[in-house]
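Remarks on the structure that follows.
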Amino acid sequence: MPSILFVCTGNRYRSPIAEACFKKCLQHAGTPGNWAVHSAGTWAKDGLPPVPNAIQDAKELGLEIYAHRSRQVDATILAQSELILVMESGQKEALQVEFSGMTDKIHLLTEMVETFPYDIPDPISLDNAAQKLIAHEVCDLVTRGFNAICNHVQHPPKPAH
(Lines give C-alpha, C1' and ligand atoms only; values in the text may rest on other atoms or scores of the structure.)
Protein backbone atom coordinates (compact mmCIF):
# COMPACT_ATOMS: atom_id res chain seq x y z
CA MET A 1 0.00 0.00 0.00
CA PRO A 2 1.53 3.36 -0.99
CA SER A 3 2.18 5.62 2.00
CA ILE A 4 2.76 9.32 2.39
CA LEU A 5 3.51 11.51 5.40
CA PHE A 6 2.98 15.28 5.56
CA VAL A 7 5.13 17.06 8.15
CA CYS A 8 5.04 20.53 9.67
CA THR A 9 6.18 21.87 13.03
CA GLY A 10 3.34 21.26 15.50
CA ASN A 11 1.11 19.01 13.37
CA ARG A 12 -1.83 21.24 14.24
CA TYR A 13 -2.35 23.32 11.09
CA ARG A 14 -0.43 22.82 7.82
CA SER A 15 0.21 19.07 7.79
CA PRO A 16 -3.31 18.04 8.95
CA ILE A 17 -4.76 20.23 6.18
CA ALA A 18 -2.36 18.68 3.64
CA GLU A 19 -3.27 15.19 4.85
CA ALA A 20 -7.02 15.86 4.62
CA CYS A 21 -6.66 17.50 1.21
CA PHE A 22 -4.66 14.55 -0.17
CA LYS A 23 -7.29 12.13 1.17
CA LYS A 24 -9.99 14.20 -0.54
CA CYS A 25 -8.02 14.04 -3.81
CA LEU A 26 -7.78 10.26 -3.41
CA GLN A 27 -11.56 10.07 -2.97
CA HIS A 28 -12.07 12.10 -6.14
CA ALA A 29 -9.66 9.75 -7.94
CA GLY A 30 -11.62 6.76 -6.64
CA THR A 31 -8.73 5.22 -4.68
CA PRO A 32 -9.08 6.33 -1.02
CA GLY A 33 -8.56 2.90 0.56
CA ASN A 34 -5.46 2.12 -1.43
CA TRP A 35 -3.20 4.61 0.37
CA ALA A 36 -1.87 5.22 3.88
CA VAL A 37 -1.86 9.00 4.41
CA HIS A 38 -0.72 10.54 7.69
CA SER A 39 0.80 13.67 9.18
CA ALA A 40 3.19 14.47 12.02
CA GLY A 41 5.22 17.34 13.43
CA THR A 42 8.90 17.95 14.04
CA TRP A 43 8.16 19.69 17.36
CA ALA A 44 4.72 18.23 18.04
CA LYS A 45 3.30 17.25 21.37
CA ASP A 46 1.26 14.06 20.95
CA GLY A 47 -2.52 14.18 21.22
CA LEU A 48 -3.35 17.86 20.72
CA PRO A 49 -6.25 18.91 18.47
CA PRO A 50 -5.77 21.24 15.51
CA VAL A 51 -5.76 24.93 16.38
CA PRO A 52 -9.29 26.41 16.09
CA ASN A 53 -8.46 28.48 13.00
CA ALA A 54 -7.14 25.36 11.25
CA ILE A 55 -10.44 23.58 11.82
CA GLN A 56 -12.38 26.57 10.46
CA ASP A 57 -10.04 27.19 7.52
CA ALA A 58 -10.09 23.49 6.60
CA LYS A 59 -13.90 23.46 6.78
CA GLU A 60 -14.01 26.36 4.29
CA LEU A 61 -11.94 24.16 1.97
CA GLY A 62 -14.39 21.27 2.37
CA LEU A 63 -12.07 19.37 4.72
CA GLU A 64 -12.81 17.95 8.18
CA ILE A 65 -9.82 17.86 10.55
CA TYR A 66 -11.53 18.32 13.94
CA ALA A 67 -10.84 14.67 14.93
CA HIS A 68 -7.12 14.96 14.09
CA ARG A 69 -4.64 14.65 16.96
CA SER A 70 -1.04 15.74 16.72
CA ARG A 71 1.89 13.37 16.83
CA GLN A 72 5.64 13.69 16.93
CA VAL A 73 7.76 12.52 14.01
CA ASP A 74 9.85 9.48 14.89
CA ALA A 75 11.85 6.80 13.10
CA THR A 76 8.91 4.37 12.98
CA ILE A 77 6.54 6.85 11.35
CA LEU A 78 9.20 7.85 8.83
CA ALA A 79 10.15 4.25 8.02
CA GLN A 80 6.51 3.41 7.27
CA SER A 81 6.28 6.23 4.73
CA GLU A 82 7.43 6.01 1.14
CA LEU A 83 7.31 9.77 0.68
CA ILE A 84 7.69 12.45 3.35
CA LEU A 85 6.60 15.96 2.38
CA VAL A 86 7.62 18.81 4.69
CA MET A 87 6.58 22.46 4.70
CA GLU A 88 9.96 24.14 5.32
CA SER A 89 13.54 23.57 4.21
CA GLY A 90 14.67 23.60 7.86
CA GLN A 91 12.37 20.65 8.56
CA LYS A 92 13.75 18.82 5.54
CA GLU A 93 17.33 19.41 6.64
CA ALA A 94 16.67 18.45 10.26
CA LEU A 95 14.96 15.19 9.30
CA GLN A 96 17.65 14.32 6.77
CA VAL A 97 20.35 14.87 9.40
CA GLU A 98 18.57 13.00 12.20
CA PHE A 99 17.35 10.17 9.96
CA SER A 100 20.17 9.97 7.43
CA GLY A 101 19.03 6.65 6.00
CA MET A 102 15.82 8.24 4.76
CA THR A 103 17.11 11.33 2.98
CA ASP A 104 15.97 10.26 -0.50
CA LYS A 105 12.31 10.20 0.50
CA ILE A 106 12.15 13.57 2.32
CA HIS A 107 11.10 16.52 0.14
CA LEU A 108 9.52 19.93 0.40
CA LEU A 109 5.85 19.86 -0.58
CA THR A 110 6.57 22.67 -3.02
CA GLU A 111 9.25 20.53 -4.73
CA MET A 112 6.47 18.27 -6.00
CA VAL A 113 4.61 21.16 -7.64
CA GLU A 114 6.68 24.25 -8.28
CA THR A 115 9.68 24.92 -10.49
CA PHE A 116 11.32 26.88 -7.68
CA PRO A 117 10.64 25.25 -4.28
CA TYR A 118 9.94 27.51 -1.31
CA ASP A 119 8.95 27.28 2.35
CA ILE A 120 5.33 27.43 3.47
CA PRO A 121 5.52 29.57 6.62
CA ASP A 122 4.19 28.48 9.99
CA PRO A 123 0.84 30.26 10.35
CA ILE A 124 0.59 30.06 14.14
CA SER A 125 2.01 33.53 14.81
CA LEU A 126 0.19 35.15 11.86
CA ASP A 127 -3.17 36.90 11.79
CA ASN A 128 -6.34 35.10 10.72
CA ALA A 129 -6.26 36.39 7.14
CA ALA A 130 -2.67 35.20 6.63
CA GLN A 131 -3.50 31.83 8.20
CA LYS A 132 -6.41 31.41 5.80
CA LEU A 133 -4.10 32.15 2.85
CA ILE A 134 -1.68 29.46 4.03
CA ALA A 135 -4.50 26.91 4.38
CA HIS A 136 -5.58 27.66 0.82
CA GLU A 137 -1.99 27.50 -0.43
CA VAL A 138 -1.36 24.11 1.20
CA CYS A 139 -4.54 22.64 -0.26
CA ASP A 140 -3.83 24.19 -3.67
CA LEU A 141 -0.31 22.72 -3.71
CA VAL A 142 -1.58 19.27 -2.74
CA THR A 143 -4.36 19.42 -5.34
CA ARG A 144 -2.14 20.68 -8.16
CA GLY A 145 0.65 18.29 -7.18
CA PHE A 146 -1.59 15.26 -6.63
CA ASN A 147 -0.60 13.42 -9.80
CA ALA A 148 3.12 14.18 -9.35
CA ILE A 149 2.98 13.07 -5.71
CA CYS A 150 1.20 9.83 -6.62
CA ASN A 151 3.65 9.17 -9.44
CA HIS A 152 6.63 9.83 -7.15
CA VAL A 153 5.35 7.31 -4.60
CA GLN A 154 4.40 4.67 -7.14
CA HIS A 155 7.55 5.12 -9.26
CA PRO A 156 10.24 6.58 -6.99
CA PRO A 157 13.41 7.91 -8.63
CA LYS A 158 16.51 5.82 -8.15
CA PRO A 159 18.60 7.00 -5.16
CA ALA A 160 21.66 9.02 -6.09
CA HIS A 161 24.94 7.41 -4.99
Side-chain angles (χ1 to χ4, degrees), residues 1-44 46-47 50 54-55 57-59 61-120 134-161:
M1 173 182 301
S3 59
I4 186 168
L5 178 70
F6 292 97
V7 176
C8 69
T9 305
N11 191 219
R12 298 183 67 203
Y13 195 101
R14 295 171 291 177
S15 58
I17 288 175
E19 174 187 355
C21 187
F22 193 83
K23 287 177 178 176
K24 184 177 181 180
C25 289
L26 286 170
Q27 287 179 331
H28 287 299
T31 58
N34 298 341
W35 285 72
V37 183
H38 302 286
S39 64
T42 56
W43 289 95
D46 289 340
I55 295 170
D57 295 342
K59 187 174 231 159
L61 292 164
L63 308 172
E64 293 293 338
I65 64 168
Y66 62 88
H68 170 80
R69 293 299 175 261
S70 61
R71 67 182 186 163
Q72 173 72 32
V73 166
D74 62 28
T76 302
I77 294 169
L78 294 174
Q80 294 169 348
S81 305
E82 294 171 76
L83 178 62
I84 300 147
L85 296 176
V86 300
M87 304 295 153
E88 300 174 47
S89 54
Q91 295 161 347
K92 178 181 176 179
E93 182 180 339
L95 290 176
Q96 287 179 330
V97 167
E98 187 172 350
F99 305 98
S100 60
M102 301 182 199
T103 59
D104 290 336
K105 61 182 183 175
I106 302 170
H107 303 275
L108 280 168
L109 171 58
T110 57
E111 285 180 287
M112 293 288 119
V113 186
E114 303 292 345
T115 304
F116 300 103
Y118 60 90
D119 289 354
I120 302 166
I134 289 171
H136 282 266
E137 180 179 12
V138 167
C139 195
D140 178 63
L141 286 164
V142 169
T143 302
R144 285 189 301 120
F146 179 73
N147 289 332
I149 293 167
C150 291
N151 188 53
H152 189 92
V153 172
Q154 294 169 328
H155 309 286
K158 301 286 185 237
H161 289 293

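Note: hydrogens, waters and symmetry copies are ignored here, and every other heavy atom, side chains too, is used.
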- prompt: At what distance, to the nearest 0.5 angstrom, does OG of S15 lie from CG of L85?
  reply: 11.0 Å
- request: Report the distance from atom CG of D46 to atom CD of Q72, rounding to the nearest 0.5 Å.
  value: 7.0 Å
field: From OG1 (T103) to NZ (K92), nearest 0.5 Å
entry: 9.5 Å
query: Has the side chain of S70 got a donor or acceptor atom that lies under 3.5 Å from a matching backbone atom of R12?
result: no
query: Hey, mind stepping through E88 and T9 against side chain to side chain contact (heavy atoms under 4.5 Å, CB included) and telling me if it holds?
result: CA-CA 9 Å; E88 300 174 47; T9 305; 3.8 Å; yes
message: Would M87 and L109 count as a side chain to side chain contact (heavy atoms under 4.5 Å, CB included) here? Give the steps.
response: CA-CA 6 Å; M87 304 295 153; L109 171 58; 4.2 Å; yes
message: I'd like to know if the side chain of E82 reaches the main chain of I4, judged simply by a donor and an acceptor atom lying under 3.5 Å from each other, with no hydrogens or angles considered.
response: no
message: Nearest 0.5 angstrom please: H28 NE2 to K24 NZ, how far?
response: 5.0 Å
message: To the nearest 0.5 Å, what is the distance between CD on Q91 and OG1 on T42?
response: 4.5 Å
- prompt: For the residue pair C139 and L63, what are the closest heavy atoms and their distance?
  reply: SG-CD1, 4.1 Å
statement: Looking only at heavy atoms, the pair that brings A54 and Y13 closest together is CB-CD1, 3.2 Å
message: Tell me whether E98 at atom CD has more than 12 heavy atoms from other residues, nucleotides or ligands lying less than 6.0 Å away.
response: no
statement: Residues Q96 and I106: closest non-hydrogen pair is NE2-O, 3.5 Å
- prompt: Does the side chain of I120 reach to within under 4.5 Å of the side chain of L108, using non-hydrogen atoms?
  reply: no
query: Do H68 and E19 pass the side chain to side chain contact (heavy atoms under 4.5 Å, CB included) test, and can you show the C-alpha distance, the side-chain angles, and the key distance before you say yes or no?
result: CA-CA 10 Å; H68 170 80; E19 174 187 355; 4.0 Å; yes
query: So does Y66 have more than 12 non-hydrogen atoms from other groups sitting under 6.0 Å from OH?
result: no
- request: For E114, look at atom CD and say whether over 12 heavy atoms of other residues, nucleotides or ligands are found less than 6.0 Å away.
  value: yes
- request: State the NE2-CG distance between H136 and L61, to the nearest 0.5 angstrom.
  value: 4.5 Å
message: So Q80 and H38, do their side chains get closer than 4.5 Å, heavy atoms only?
response: no
task: Please examine the side chains of L26 and F146, heavy atoms only from C-beta on, and report whether any two atoms are closer than 4.5 Å.
output: yes
- request: Please step through side chain to side chain contact (heavy atoms under 4.5 Å, CB included) for the pair F6 and I17, ending with a clear verdict.
  value: CA-CA 9 Å; F6 292 97; I17 288 175; over 6 Å; no
message: Please find the pair of heavy atoms, one from R144 and one from V113, that lie closest to each other, and give the distance.
response: NH1-CG1, 3.5 Å
statement: I77 and D74 have their tightest heavy-atom pair at N-OD1, 2.8 Å
Heavy-atom closest contact (I65 atom, A20 atom, distance): CG2-CB, 3.6 Å
- prompt: When you look at S39 and R14, which way does the side chain to side chain donor-acceptor pair (under 3.5 Å) test go after all the steps?
  reply: CA-CA 9 Å; S39 64; R14 295 171 291 177; over 6 Å; no
